[in-house]
Amino acid sequence: MTTTIIGFPRIGEHRELKFQTEKYFRSELSEKELQTSAAALREKHWKLVHSSGVDSVPSNDFSFYDTTLDTAFLLNILPEEIQHIDLSGLDKYFALARGYQGEKGDIKAWPMKKWFNTNYHYIVPKFEKNTEISVVGKKIFDEFLEAKELGIHTRPVLLGPFTLLQISDFAPETQPEDFVPSLIAAYQEIFATLANLGADWLQLDEPALVKDISSEEWALFQALYVPLLQQKNGLKILAQTYFGDVRDVYSSLVQLDFDGIGLDFVEGIKNLELVASGFPAEKILFAGIVNGKNIWQNHYEKTLALLQKLPAENVVLTTSCSLLHVPFSTENETFPTTILDHFAFAKEKLTELTELAAIFFNKETALLAENQQLFAKNRTNKNHKLAEKITALSAADFTRQPAFSDREQLQKAVFDLPLLPTTTIGSFPQTREVKQTRAKYNRHEISDTDYDHFLATQIDDWLNWQESIGLDVLVHGEFERNDMVEYFGQNLSGYLFSQNGWVQSYGTRGVKPPIIWGDVVRENPITVKWSTYAQKQTTKIVKGMLTGPVTILNWSFPREDISLKESTLQIALAIQEEVLDLEANGIRVIQIDEAALREKLPLRKTDWYSEYLDWAIPAFRLVHSQVQPTTQIHTHMCYSEFTDIIPAIDQMDADVISFEASRSNLSILDELNAQNFQTQVGPGVYDIHSPRVPSTDEILQTIHAILAKVPKEKLWINPDCGLKTRGIPETRESLTNLTAAAKLVREEL
């Protein structure tokens, strides 16, 4: 074995899994038909990886929704309510992923959080006092046999027990240590079953090892693995890490009885230094040298120089993380060859691995020479005027005047909003009609006039409806926008856009990150036209809706030839121009979403400020620092763990922040109080990623719970995210219940 990958994209080359699963949700496909299509997709992917020349093919990296949720179902980490509801096994699975509301019961979806420092979201399992861990699932075994019958001997992949405990929730009076004995027994049973089926390797993913590891956490890791590795049943065990380095535990980790250690040499800045200090000769080093999170061609000369420094006797070349985080293949793109040659999506990264192996192990110099020619060319021209503008920035450019407390009083007087003002996060349902009309316009099948009329009609209808239910601050609905990042990128220089560069974000939700190719500059207004149109249709406030610079950067494929800081400041200056244009055109409330603020936050707290927050937070402030005191700046964040960066969020100096809270049981509010958070807040009062409709009473209870933690003068009432993925009936019913609940609480107060 000389090459492998950690995992492969599962949504399909053309998002087949998404479309088939959504048909199943709509009862247009039977469970048997869905399972058949999924099996065909797995077969295609296994054969593709195998035929590429990669030596070891992973299995069990496929999932209908999320592999962490798969692990919970494998190990019976399930709440009683789901075990006893009269649904099929697959429908129970989807009920915990998306929620279920029907004649058989009412199930709230489990929480959803960002997977470490990526835009992928995982479903958070919950260990309860009566959780009885046992191997009840068969997926990992069935898929190993499925591939075996195709003639492909795979390496099963499974979330390791330590990371499982680290990323899960625990009910009161329970703690991770309570479940160590039963987890050991369950994993040993999995070892034995896989060995009996003919497996020779098992990959246990332990990315939690790249975070700050305390002595107590390392003791937990050892309590799990020392006995676990004593009964491997002839199976070889790979401890796979990614997204960083293992500086806290390296010397102890390599002494444990693992047969292979997987380390990330792309984001793991200390891993080379650690391995250079010594690596056991009897173990195999799985060296992650092909970037699994970005789409640029690998620079072979640099990678080979790194490999030459590795003292390990047995090395397998692999990806830095799963290829889940990049699109399927550049074969589906229409870029000119001069551009396309610089990109490598998942399929092309398989070729990079085999070529690097051929050069490194077999000295095939022709492949190296071809790659050297690519990197010898100048790819872009530098915008010197923009560079000078960034260099000239001073502290005053990042500071808004007057202070927050003074602005708050001015804005209350100017806006005269009621107690507990209601609003939404921004987008309304992107129906089939909206998408089809936009597609026709992009194909030049309808005129500018016809398209504008269609958009104006959509905006008018939704403005009238918002007024009818009593929302206080309205939105225009964003019907002209395909995506909150791509839309802005299309209106900025320096961006490229793939045709089929889809990446899974969660479940059936895919995103198509734009590519930052060169320096970024705003050339024309982006949102002013439809924001000002909407404001002219009503006497109520209509929010201007923008995406913040950090989120635009984090949800794009960034350049690798300049720093993330420089690239973000370029975007911030562009969005600043848009903010000032909106203000000049009478938009008095402007929401600048930073949903992905935490995404590139270093996984180690010691690196948070020096490597990220010291420039990411000022970049946001740069966007709004020049507006008038009576212009109210909102921001929004969702589906990340923000509780530990509350001081940094406060430093963003927004006037109002809304955030996801419904799936996290409002736990962030306790931390806001502990940190004396000054900004007005809008904790999401219901979960928009679930199709279930919350009742007025349910929202009423949520508002009461929030008011126990947040002063009524500081509280806004809103959903926890945008509504573009929801249907019209559920959106309107949910928001009607929201405004009704807010009105009832106002009357009480």
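Predicted, not measured: the structure shown is a model, and the values here were computed from it. Residue numbers count from 1 along this sequence.
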Check: Could Lys44 and Phe328 be counted as a cation-pi pair, given that NZ or CZ must be under 6.0 Å from the ring centre and within 45° of the axis?
Finding: yes
Next item on the list: Flag the pair Lys232 and Asp200 as a salt bridge only when some basic side-chain nitrogen lies within less than 4.0 angstrom of an acidic carboxylate oxygen.
Entry: no
Check: According to the interplanar angle, ranging from 0 to 90°, do the rings of His325 and Tyr120 count as parallel (below 30°), tilted (30 to 60°) or perpendicular (above 60°)?
Finding: perpendicular
Check: Is the closest side-chain heavy-atom distance between Phe170 and Ser168 below 4.5 Å?
Finding: yes
Checklist line | Axial cation check for Tyr65 ring with Arg98, 6.0 Å and 45° limits | finding: no
Notebook entry, point to check: For the atom pair CZ (Arg726) and CD (Gln430), what is the distance rounded to the nearest 0.5 Å?
Noted result: 13.5 Å
Item checked: Interatomic spacing from CG in Leu183 to CG in Leu228 - rounded to 0.5 Å -> 9.5 Å
Check: In Å and rounded to the nearest 0.5 Å, what is the CG to CD1 distance from Leu669 to Ile646?
Finding: 9.0 Å
Next item on the list: Using the salt bridge (charged side-chain N to carboxylate O under 4.0 Å, His left out) rule, pick out the option among Lys138, Lys139, Arg10 that qualifies with Asp70.
Entry: Lys139
Next item on the list: Taking the side chain as every heavy atom from C-beta outward, state whether Val124 and Met112 have any atom pair closer than 4.5 Å.
Entry: no
Notebook entry, point to check: Just by modelled atom types, is the Glu13 backbone N or O under 3.5 Å from a matching donor or acceptor in the Glu16 side chain?
Noted result: yes
Margin query: Checking Asn60 against Gln203 for the side-chain hydrogen bond (donor to acceptor under 3.5 Å, both in side chains) test, could you report, in this order, the C-alpha distance in whole Å, the side-chain angles of both residues, the deciding distance, and whether it holds?
Written below: CA-CA 10 Å; Asn60 199 45; Gln203 173 183 314; over 6 Å; no
Next item on the list: For Phe179 and Thr174, run side chain to side chain contact (heavy atoms under 4.5 Å, CB included): C-alpha distance rounded to whole Å, both residues' side-chain angles, the deciding distance at 0.1 Å, then the answer.
Entry: CA-CA 9 Å; Phe179 302 96; Thr174 64; 4.2 Å; yes
Check: Of Val254, Ile213, Val210, which is the lone residue that meets side chain to side chain contact (heavy atoms under 4.5 Å, CB included) with Val246?
Finding: Val210
Next item on the list: Determine the sole option in Leu164, Leu165, Leu229 for which the side chain to side chain contact (heavy atoms under 4.5 Å, CB included) test with Leu224 is passed.
Entry: Leu165
Next item on the list: Examine Tyr506 together with Trp115 and report whether their ring centres are nearer than 6.0 Å.
Entry: no
Notebook entry, point to check: Between Asp687 and Ala109, which heavy-atom pair has the shortest distance, and what is it?
Noted result: OD2-CB, 4.2 Å
Checklist line | Atom pair CG (Leu87) and NZ (Lys104), whose distance is rounded to the nearest 0.5 Å | finding: 5.5 Å
Checklist line | Verdict with supporting geometry, Leu723 and Ile425, side chain to side chain contact (heavy atoms under 4.5 Å, CB included) | finding: CA-CA 8 Å; Leu723 297 159; Ile425 301 307; over 6 Å; no
Item checked: Short side-chain to backbone donor-acceptor contact, Gln701 and Ile699, under 3.5 Å -> no
Next item on the list: Might you work through the side-chain hydrogen bond (donor to acceptor under 3.5 Å, both in side chains) test for Glu599 and Trp555, ending with a clear yes or no?
Entry: CA-CA 9 Å; Glu599 197 155 300; Trp555 284 354; 2.9 Å; yes
Margin query: Distance alone, cut at 3.5 Å: any donor-acceptor contact between the side chains of Thr508 and Glu22?
Written below: yes
Note to self: Tell me if the aromatic rings of Tyr225 and Phe258 count as close, with their centers under 6.0 Å from one another.
What the structure shows: yes
Item checked: Asp66 side chain vs Ile123 backbone, donor-acceptor pair below 3.5 Å -> yes
Notebook entry, point to check: Sub-3.5 Å donor-acceptor pair from the side chain of Glu177 to the main-chain atoms of Leu220, do we have one?
Noted result: no
Notebook entry, point to check: Looking only at heavy atoms, what is the nearest atom pair of Thr319 and Leu323, with distance?
Noted result: CG2-CD2, 3.7 Å
Margin query: What I want to check is whether the side chains of Tyr242 and Asp205 have a donor and an acceptor closer together than 3.5 Å.
Written below: yes
Note to self: Give me the atom names and distance for the closest heavy-atom approach of Phe8 to Ala346.
What the structure shows: CE1-CB, 4.0 Å
Item checked: Backbone N/O of Gly292 and side chain of Ser320: donor-acceptor pair under 3.5 Å -> yes
Margin query: Main chain of Lys600, side chain of Asn117: is a donor-acceptor contact present, judged purely on distance under 3.5 Å?
Written below: no
Notebook entry, point to check: Can you name the nearest heavy-atom pair linking Leu235 to Asp259, along with the distance?
Noted result: O-OD2, 4.0 Å
Notebook entry, point to check: Roughly how far apart are Leu75 CG and Glu132 CD, rounded to 0.5 Å?
Noted result: 13.5 Å
Item checked: Pairwise distance CG(Leu324) to NZ(Lys293) - rounded to 0.5 angstrom -> 11.5 Å
Next item on the list: Applying side-chain hydrogen bond (donor to acceptor under 3.5 Å, both in side chains), run through Gln166 and Glu217 and close with a yes or a no.
Entry: CA-CA 9 Å; Gln166 291 292 98; Glu217 288 169 328; 3.1 Å; yes
Note to self: Show, in sequence, the C-alpha distance, side-chain angles and deciding distance for Glu206 and Thr241, and conclude whether the side-chain hydrogen bond (donor to acceptor under 3.5 Å, both in side chains) test is met.
What the structure shows: CA-CA 5 Å; Glu206 291 289 6; Thr241 69; over 6 Å; no
Notebook entry, point to check: Within the distance-only criterion (no hydrogens, no angle test), does the side chain of Lys349 pair as donor or acceptor with the backbone N or O of Asn291 below 3.5 angstrom?
Noted result: yes
Next item on the list: Check whether any side-chain N or O of Glu43 sits under 3.5 Å from a backbone N or O of Leu150 as a donor-acceptor pair, and report yes or no.
Entry: no
Next item on the list: Assess whether atom CD of Glu173 is packed by more than 12 heavy atoms of other residues, nucleotides or ligands within 6.0 Å.
Entry: no
Next item on the list: Of all the heavy-atom pairs spanning Val157 and Ile6, show the shortest one and how long it is.
Entry: CG2-O, 4.0 Å
Check: Between Asp607 and Pro602, is there a donor-acceptor pair closer than 3.5 Å when you use the side chain of the first and the backbone of the second?
Finding: no
Checklist line | Modelled atom types, side-chain donor and acceptor of Gln230 and Asp257, under 3.5 Å | finding: no
Item checked: Steps toward salt bridge (Lys or Arg N to Asp or Glu O under 4.0 Å) verdict (Arg604, Asp212) -> CA-CA 5 Å; Arg604 294 180 178 278; Asp212 294 312; 3.5 Å; yes
Next item on the list: Measure up the Phe221 and Trp218 rings against each other and bin them: parallel (under 30°), tilted (30 to 60°), perpendicular (over 60°).
Entry: parallel
Check: Does the pair Asp178/Lys129 count as a salt bridge with the N-to-O cut at 4.0 Å?
Finding: no
Next item on the list: For the pair Ser37 (side chain) and Leu34 (backbone), establish whether a donor and an acceptor sit closer than 3.5 Å, ignoring hydrogens and angles.
Entry: yes
Check: Only one of Lys32, Glu33, Glu28 forms a side chain to side chain donor-acceptor pair (under 3.5 Å) with Ser30, so which one is it?
Finding: Glu33
Check: Of the non-hydrogen atoms in Lys126 and Ile77, which two are nearest, and what is the gap between them?
Finding: O-CG2, 3.6 Å
Check: Between Tyr100 and Phe94, does a ring pair (Phe, Tyr, Trp, His ring centres under 6.0 Å) hold up when you go through it step by step?
Finding: CA-CA 8 Å; Tyr100 171 83; Phe94 285 132; over 10 Å; no
Next item on the list: Check the side chains of Ser63 and Tyr93 for a donor-acceptor pair under 3.5 angstrom, ignoring hydrogens and angles.
Entry: yes
Note to self: Check for me whether Arg155 meets the cation-pi criterion with Trp201, that is, NZ or CZ under 6.0 Å from the six-membered ring centre and within 45 degrees of the ring axis.
What the structure shows: no
Check: Are the charged groups of Lys108 and Glu698 less than 4.0 angstrom apart, N to O?
Finding: yes
Check: Can you check whether His45 and Phe62 have ring centres sitting under 6.0 Å from each other?
Finding: no
